[in-house]
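Predicted, not measured: the structure shown is a model, and the values here were computed from it.
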Amino acid sequence: KIPLIHPENPTKAKWNVLALCFLLYYGFTIPYRICFDVSVAFGSRTFIVELLIDIFFMVDILLNFLTGYFIRQESQMITILVLKRRKIFWHYLTSWFLIDCIATLPYYLVVDEQYDA
């Protein structure tokens, strides 16, 4: 069995920081390319780096199906850690999964002029 990931795991925290860096990179480069009609050659270093970033985010989706989460119960003023596979699966599937899938779609599939073949 694949082990579950504690949401406060230090390695998971580093992974999330790396994800934030990649999001910042895309947050600047995608609008720049669209606004100034800048293209990246298919197979270039930039293309390969961005393909690896896309793969990173696809792996992140898979990891989210294995990462526990906290439930805050206001009535009792406690926080409960959930580490049951089925609950984690349904929680992610019904919360961020669709958004993550849309966001993980390589944008050059949507805006195909951005990469020169």
Side-chain angles (χ1 to χ4, degrees):
K1 255 186 177 179
I2 299 173
L4 295 176
I5 302 167
H6 191 286
E8 293 178 342
N9 181 312
T11 304
K12 178 69 172 158
K14 291 174 188 168
W15 178 272
N16 289 340
V17 169
L18 186 58
L20 177 62
C21 292
F22 290 154
L23 286 172
L24 289 172
Y25 170 78
Y26 272 156
F28 287 103
T29 59
I30 292 173
Y32 176 82
R33 286 194 193 131
I34 292 171
C35 289
F36 296 106
D37 197 27
V38 176
S39 61
V40 174
F42 182 83
S44 68
R45 285 184 182 167
T46 303
F47 178 85
I48 292 169
V49 166
E50 292 180 358
L51 178 64
L52 292 173
I53 292 172
D54 292 338
I55 292 168
F56 171 91
F57 283 117
M58 291 174 195
V59 170
D60 187 58
I61 287 175
L62 297 176
L63 291 177
N64 283 327
F65 279 113
L66 299 171
T67 304
Y69 62 96
F70 292 102
I71 295 176
R72 184 175 176 121
Q73 291 192 347
E74 297 291 333
S75 61
Q76 298 174 352
M77 307 221 12
I78 59 171
T79 303
I80 299 170
L81 173 62
V82 177
L83 287 174
K84 295 195 182 247
R85 289 179 191 278
R86 182 169 286 160
K87 287 188 178 194
I88 293 170
F89 177 85
W90 285 111
H91 179 263
Y92 181 56
L93 196 65
T94 58
S95 60
W96 287 96
F97 177 71
L98 183 61
I99 295 167
D100 286 348
C101 282
I102 292 169
T104 301
L105 258 175
Y107 81 95
Y108 51 85
L109 294 177
V110 179
V111 185
D112 61 352
E113 296 91 27
Q114 297 303 309
Y115 285 94
D116 291 334

Leu52, CG atom: more than 12 neighbouring heavy atoms under 6.0 Å: yes
Work out which heavy atom in Lys12 is nearest to a heavy atom in Pro7; give both atom names and the distance. CG-O, 4.4 Å
If I compare all heavy atoms of Pro31 with all of Tyr26, which pair ends up nearest, and what's the gap? CD-O, 3.5 Å
Is Phe57 linked to Trp15 within one hydrophobic cluster, defined over Ile, Leu, Val, Met, Phe, Trp and Tyr using a side-chain heavy-atom separation of less than 4.5 Å? yes
Test side chain to side chain contact (heavy atoms under 4.5 Å, CB included) on Ile78 and Arg72; report intermediate values, then the result. CA-CA 6 Å; Ile78 59 171; Arg72 184 175 176 121; over 6 Å; no
Would you say His6 and Leu81 make side-chain contact, with heavy atoms under 4.5 Å? yes
Of all the heavy-atom pairs spanning Thr104 and Asp54, show the shortest one and how long it is. CG2-O, 4.0 Å
Does one hydrophobic cluster hold both Phe89 and Leu4, with members joined at side-chain heavy-atom distances below 4.5 Å? no
From Tyr92 OH over to Phe65 CZ, what is the distance, rounded to the nearest 0.5 angstrom? 6.0 Å
Under a single-linkage definition using a 4.5 Å side-chain heavy-atom cutoff for Ile, Leu, Val, Met, Phe, Trp and Tyr, are Tyr25 and Ile34 assigned to the same hydrophobic cluster? yes
Shortest non-hydrogen contact between Leu83 and Ile5, atoms and distance: CD2-O, 4.1 Å
For the atom pair OG1 (Thr67) and CG (Leu62), what is the distance rounded to the nearest 0.5 Å? 10.5 Å
Cluster overlap Val82 with Phe70, hydrophobic side-chain contacts below 4.5 Å: yes
Nearest heavy-atom pair of Tyr69 and Ile88: which atoms, and what distance? CE2-CA, 3.8 Å
Assigning hydrophobic clusters by single linkage (Ile, Leu, Val, Met, Phe, Trp, Tyr; side-chain heavy-atom cutoff under 4.5 Å), is Ile71 placed with Trp90? no
Could you tell me the separation between the NE2 atom of His91 and the CG atom of Asn64, rounded to the nearest 0.5 Å? 10.5 Å
Nearest-0.5 Å distance, OG1 of residue Thr79 to CD of residue Glu74: 8.5 Å
Enter the distance from Ile53:CD1 to Ile48:CD1 here, rounded to the nearest 0.5 Å. 12.5 Å
Is Trp96 close to Ile99 at the side-chain level, that is, under 4.5 Å between some pair of heavy atoms? yes
Are the side chains of Phe22 and Val49 in contact, using a 4.5 Å heavy-atom criterion? no
Atom pair CG/CG of Asn9 and Asn16 - distance to nearest 0.5 Å: 10.0 Å
